[in-house]
Amino acid sequence: MDKINISDIDKKWQSFWSKKKNKFKKTDKKKKFYCLEMFPYPSGKIHMGHVRNYAIGDVIARYKMINGFNVLHPMGWDAFGLPAENAAKENNLNPKDWTKKNISTMKYQLQLLGLSIDWDLEISTCDEEYYKHQQELFIDFYNKGLVVRKETYVNWDPAEKTVLANEQVIDGRGWRSNALVERKKLHQWFFNISKFSNELLEDLNTLKEWPERVKLMQKNWIGKSVGCEIDFKISENDNSVRVFTTRPDTIFGATFLAISADHPLCESYIKQAKFIEFKKKCSRVGTTEEAIANAEKIGFKTDLEAEHPFIIGKKIPIYVSNFILMDYGTGAIFGCPAHDQRDFDFATKYKIEIIQVVKSKDFEKLKTEKKAFTGDGSIINSDFLNGLTITEAKEKIVKEIEKKKIGKKKVTFRLKDWGVSRQRYWGCPIPMIYLKDGSVVPVDKTELPIRLPDDIDINSKGNPLDNHPTWKKTKHKKTGEDAIRETDTLDTFVDSSWYFLRFCSPKLKSKPFDDEAFKYWMPVDQYIGGIEHAILHLLYSRFFMRAIKFCKKDIKIKEPFRGLFTQGMVCHETYKDEKGKWLSPDQIENTKLGKKSKIDGSKVKVGPSEAMSKSKKNIVDPESMIKIFGADAVRWFILSDSPPERDVQWSTAGVSASHKFILRIWNINQKILDRKQTEISSDDEKKFELKFNEYIFKITDLIENFQLNVAIAKIYEVASLMESNIDKKIGNKNLLVSQIKFMKMLLPFAPHLSCECLSKLEGKNFFEEIQWPKIDKTLLEKQEVTLVVQINGKKRGLFVAKKDLSEKDALSEAKKIENIKKNLKDKKILKNIFVKNKIINFIVTG
RNA sequence: GCCCUCGUGGUGAAAUGGUAGACACAAAGGACUUAAAAUCCUUGCCCGUAUGGGAGUGACAGUUCGAGUCUGUCCGAGGGCACCA
């Protein structure tokens, strides 16, 4: 019997596939399948999360390939980003070199997994061949009005002289500099994503193959709210304040107006010392959403009053308040303290009148608990609205408002425009220039790409592009006048918002993508990645597709990803030594007295299993695992232990068991090859065939439904079936044919072993002609079924019968069972329940 | 605060309203071996030698001949959104 050397067969088949460049495309071009996994950020080495992502993707890609599909299965690198700049600062090298080195390491590691990736299609977002086209798209968007320049508030790190993302601000301080972060107003570039708010929301309904959870998260993020705008006349002058509300039904309970500190009406106070002090107080609150949410409500009372639109002669004070945001609604509200918690808190603090307008028996009780009543009820104290329900009142008041021409029904979205400017070096330069007269224009497309300079001082404070001696100096192509380049670069989410389009024609020089290739491959049939991208990346990509459609008439597609699958994380136990320092799994030793530290032999405290992370050191290196157990075992384990959408616990015992199973399959294969002819028993043969065919059916169904862990459980069962039939009276040919089918079913999961076994079975190395085994439907019909017999709903016996046994025959068969006879004795059968192929239930007396 | 998801053995988990715990990990016992490793077999809560019986899917109700699965209330864990007017 041949012995197997796992690392030899890994190498053999990886080199076989790589020589063929994984181009196993079928002649049937009609059946295309675009299988895409989220491309990685080249941070240094691959981690188990990548292994899981790409193992799942590879199962789907290979399964589709051997089902006759023409499969696009590419890979690339999300190569721009902050870590490269930070690493460059620490090691005093260029971000480009650092990135390239990481890409080559990670590509080598991914190849060790034996993925069916077509590496000819490899792209990297930091290559000018890629970002050139991104700049082109940016200009297209700009020309169509989808890019705007606006002034907004940002988190400004005064030490680093740069803008920080919200997640880079920790407790109000810069994560690197530890400097107090300021709110600063800056001119920034924005993608006009809010133009598509309603479309992005409505079209979620068309995404039938997306997880409901992701769609819901996007729905909440877009945040549609239906309400109305109302103009309040200012008593002191002819101006008015426009407010937005979703509760126009509470208008009679309005006792104050509140406007944002950035509201145009505040302009006349800007120079007042009191107002300046108030604004200072506001900006002292952090910029994280949580900090804002928990901040105390403070107000600045203006000397203005507004006229209540429905109560003649009633004047209500106007406040400037920190809880009103300028970029939501109109930046102004009317406060109805009785029925809104924030308004209630504010009114209590500034002793503003509280008028109840919705009936509730708990109102006074809630008031003493300092709570507003936000529930349902009928309207009171509201003139012509009295007695109506909230819904009725909303309808009626909106009609009145529209009749009086002081406002109208209005839909508002939470989704804001996407700010894409970053004061960074390692990103795609924004192809815009500033002219002397202050205007801003795009560069001429013939000048693309606007390249990143290599000779930068990475250690300079602020943006190295801005500090570069010559880079930003340029000339306007049309007029020849001097101009200054935009020195901000694009958010890296832009890079990943269209890479899936580039994969359709990654080498094309003239355009971002080829129209024919686009038509053929798009949309992505199956997209696979982490849940952490549920909102931003997926929403931005959906926006990009629409923006491109808006710019190019012949693009018909709106949704880039037809199917989406979000996999769970890879977790591992956490370890701490006696001093509370984190230990990595390879610093742990198993002894009879428990786990000990390899470093000093001290006792180790085992913590809960958590997502693998550098900070907790609970990381297992995929490369070393592959070297020990082989690529198939690593892939197998990570797929077998949990449903792919849930978190999986990594365990060395588990992967070692997978390795043993790989060897067991090899042994089964050898035993079948070495088997001597046996006498045939038609009975054994038939049973085996029926059972085997059923497994093809089940495994096919399970893969189609992404139940990969259950599919693997069935493969274990097939292995046992094969093993137990080697000594039975089954023809060699039948066993061999079944083993070939078995190995084909194994191929998406453990391709190296599968191909090696197939080559032994068929006597040649082959791949192209592999076809997923066919299900014999007539055999499925012949399958026997187990009928369960219950008495009063309790299981009392079972028997195996032919499929579709009639009720009459089933009942008489059931009554022959010893235990059933015993239980039916002296009892009267009141009713028989019979469900074909499933169950018999006798309902009896007593 | 609002919204969503999930609670099944020592563990990861299976189960179109129809045999709960498939499959695997770990454990215990056994076989082989001088021994170990490897491999294989058995066991898994309670009563019983056993055929068998009882309890049992976070808790309590309900619908049903039959509920892990459907409905309601509660408890617990995780996630998303969060001065969004």
Side-chain angles (χ1 to χ4, degrees), chain A residues 211-221 223-225 227 243-248 250 258 260 285 289-297 321-325 327-336 340-343 345-346 371 374 412-416 531-532 534-535 571 609 636-637 640-643 645-658 660-661 663-664 667 701-702 707 709-717 719-720 723 786-798 818-819 822-823 830-844:
Chain A
E212 286 304 320
R213 185 160 70 122
V214 174
K215 288 195 272 186
L216 191 72
M217 279 161 74
Q218 292 215 352
K219 189 184 159 206
N220 290 339
W221 185 265
K224 181 177 181 171
S225 54
V243 306
F244 173 72
T245 180
T246 55
R247 292 293 305 271
T250 63
S260 160
V285 177
E289 278 162 346
E290 212 184 339
I292 293 166
N294 297 329
E296 196 193 357
K297 288 161 191 56
S321 178
N322 63 338
F323 73 94
I324 308 303
L325 310 171
D327 50 8
Y328 188 80
T330 59
I333 60 145
F334 74 72
C336 173
D340 182 285
Q341 193 59 46
R342 291 154 305 167
D343 298 348
D345 296 345
F346 191 80
K371 277 183 184 153
T374 53
T412 300
F413 295 91
R414 207 188 70 95
L415 182 66
K416 291 171 196 152
I531 186 76
E532 66 274 20
I535 298 172
C571 302
S609 188
W636 184 266
F637 172 70
S640 69
D641 219 37
S642 289
E645 68 277 11
R646 235 183 276 178
D647 287 354
V648 64
Q649 320 287 323
W650 181 268
S651 88
T652 311
V655 70
S656 157
S658 301
K660 282 176 196 166
F661 181 71
L663 298 179
R664 192 176 141 209
N667 290 336
D701 188 55
L702 288 163
Q707 289 179 279
N709 58 324
V710 192
I712 282 179
K714 295 297 165 201
I715 290 176
Y716 275 105
E717 290 180 26
S720 298
E723 213 163 31
T786 304
L787 281 163
V788 175
V789 187
Q790 296 182 337
I791 292 171
N792 285 346
K794 289 209 179 245
K795 184 185 120 192
R796 293 291 179 233
L798 45 82
E818 217 32 64
N819 198 36
K822 200 175 88 191
N823 277 282
L830 300 174
K831 198 175 167 188
N832 300 314
I833 306 282
F834 173 74
V835 182
K836 209 188 204 178
N837 298 328
K838 280 199 179 123
I839 207 156
I840 295 151
N841 191 0
F842 295 111
I843 312 303
V844 302

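The basis for the numbers below is simple: all heavy atoms, side chains too, and nothing from hydrogens, waters or symmetry mates.
When the P atom of B/G66 is taken as reference, atom CG of A/Leu787 falls 20 Å away, rounded to whole Å. Per the geometry, CG belonging to A/Asn792 stands 16 Å off P belonging to B/U64, to the nearest Å. Distance, A/Phe413 CZ to B/C84 P: 18 Å, rounded to whole Å. As rounded to whole Å, 8 Å separates atom P of B/A15 from atom CG of A/Leu702. Across the protein-nucleic acid pair, A/Phe346 atom CZ and B/A85 atom P stand 18 Å apart, rounded to whole Å. Regarding A/Asp340, its CG atom lies at a distance of 9 Å from the P atom of B/A85, rounded to whole Å. Between the C1' atom of B/C6 and the CG atom of A/Asp647 lies a distance of 12 Å, rounded to the nearest Å. With rounding to whole Å, A/Leu830 atom CG is found 13 Å from B/G66 atom P.
Here A/Ile324 lies in heavy-atom contact (under 4.0 Å) with a base. Note on A/Thr786: a base of the nucleic acid sits closer than 4.0 angstrom, heavy atoms only. Heavy atoms of A/Gln707 sit under 4.0 angstrom from primed sugar atoms or phosphate atoms, though from no base atom. Here A/Ile833 lies in heavy-atom contact (under 4.0 Å) with a base. Residue-level contact check: A/Ser640 touches neither bases nor backbone, having no heavy atom under 4.0 Å from any strand.
A distance of about 15 Å separates the P atoms of B/U71 and B/G18, rounded to the whole Å. Comparing B/G80 with B/G62, their C1' atoms sit 32 Å apart, to the nearest whole Å. For the C1' atom pair drawn from B/U63 and B/G79, the interatomic distance equals 32 Å after rounding to whole Å. Atom name P, nucleotides B/U19 and B/U57: the rounded distance is 15 Å, in whole Å. Comparing the C1' positions of B/A28 and B/C45 gives an interatomic distance of 16 Å, to the nearest angstrom. Taking the P atoms as reference points, B/U8 lies 16 Å from B/C60, given to the whole Å. Comparing B/G76 with B/C70, their C1' atoms are spaced 22 Å from each other, to the whole Å. Taking atom P in both B/A24 and B/C40, one finds a spacing of 11 Å when rounded to whole Å.
The CG atom of A/Leu787 lies 5.0 Å from the CD1 atom of A/Ile840; values are rounded to the nearest 0.5 Å. Taking CG of A/Asn823 as the reference point, atom CD of A/Gln790 lies at 12.5 Å (rounded to 0.5 Å). Summarising the geometry, atom CD1 belonging to A/Ile324 is positioned 9.5 Å from atom NZ belonging to A/Lys297; distances are rounded to the nearest 0.5 Å. Atom CG of A/Leu216 and atom CH2 of A/Trp221 lie 14.0 Å apart (nearest 0.5 Å).
Side chain of A/Gln218 to main chain of A/Ala534: a donor-acceptor pair is present (N/O by atom type, distance under 3.5 Å, no hydrogens or angles). Remark: the backbone N or O of A/Gly793 is paired with a side-chain donor or acceptor of A/Asn841 at under 3.5 angstrom.
Dashed line: the shortest gap from a side-chain N or O of A/Arg646 to OP1 or OP2 of B/G79 is not under 4.0 Å. At least one side-chain nitrogen or oxygen of A/Tyr328 sits closer than 4.0 Å to the OP1 or OP2 atom of B/A85. The phosphate of B/G1 has neither OP1 nor OP2 within less than 4.0 Å of any side-chain N or O from A/Arg342. Side-chain nitrogen and oxygen atoms of A/Ser658 include none within less than 4.0 Å of the OP1 or OP2 phosphate oxygen of B/A24.
Out of B/U39, B/A24, B/A20, the shortest distance to the side chain of A/Lys795 is found at B/A20. Candidate nucleotides B/U19, B/G52, B/A85 were compared by shortest atom distance to the side chain of A/Asn819, and B/G52 ranks first. For A/Trp221, whose side chain is taken as the heavy atoms from C-beta onward, the closest listed nucleotide among B/C81, B/A55, B/G18 is B/C81. Closest approach to the A/Leu798 side chain among B/G12, B/A55, B/U19 is made by B/U19 (side chain taken as heavy atoms from C-beta onward). Of the candidate nucleotides B/A85, B/G79, B/A13, B/A13 has the atom lying nearest to any side-chain atom of A/Pro643. Taking every side-chain heavy atom of A/Ile535 into account, B/G80 is the closest of B/A85, B/G80, B/G12. Side-chain proximity of A/Arg796 to the nucleotides B/C65, B/G54, B/C23 is greatest for B/G54. You'll find that the side chain of A/Arg414 is closest to B/C81, out of B/A13, B/A55, B/C81. Among the nucleotides B/G80, B/U19, B/G18, the one closest to the side chain of A/Met217 is B/G80. Set against B/G12, B/C84, B/C25, the side chain of A/Ser642 has B/G12 as its closest nucleotide.
With both pairing distances under 3.5 Å, B/A28 is matched to B/U42 as a Watson-Crick or G-U wobble pair. When both pairing distances are held under 3.5 Å, B/U33 makes no Watson-Crick or G-U pair with any nucleotide shown. In this structure, B/C81 forms a base pair with B/G1, meeting either the Watson-Crick or the G-U wobble geometry with both donor-acceptor distances under 3.5 Å. Nucleotide B/G76 is matched to B/C6 when pairs are restricted to Watson-Crick or G-U wobble geometry with both distances under 3.5 angstrom.
Comparing A/Thr246 and A/Asn709 against RNA chain B, the residue whose closest nucleotide sits nearer the 5' end is A/Asn709. Take the nearest nucleotide of RNA chain B for A/Val710 and for A/Asn841: the residue whose nucleotide is more 5' is A/Val710.
For the residue pair A/Arg664 / A/Ser720, a side-chain donor-acceptor distance below 3.5 Å is found, with atom types taken as modelled.
The aromatic rings of A/Trp636 and A/Phe661 sit parallel to each other, their planes meeting at less than 30°, with 60° as the upper class boundary.
Residue side chain A/Lys831 does not reach the base of B/C65 through any donor-acceptor N/O pair under 3.5 Å, judged by distance alone.
For B/G9, the O4'-C1' to base torsion is within 90° of 0; the nucleotide is therefore syn.
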>> Checking A/Ile843 against A/Asn792 for the side-chain contact (heavy atoms from CB on, under 4.5 Å) test, could you report, in this order, the C-alpha distance in whole Å, the side-chain angles of both residues, the deciding distance, and whether it holds?
In response: CA-CA 5 Å; A/Ile843 312 303; A/Asn792 285 346; 3.8 Å; yes

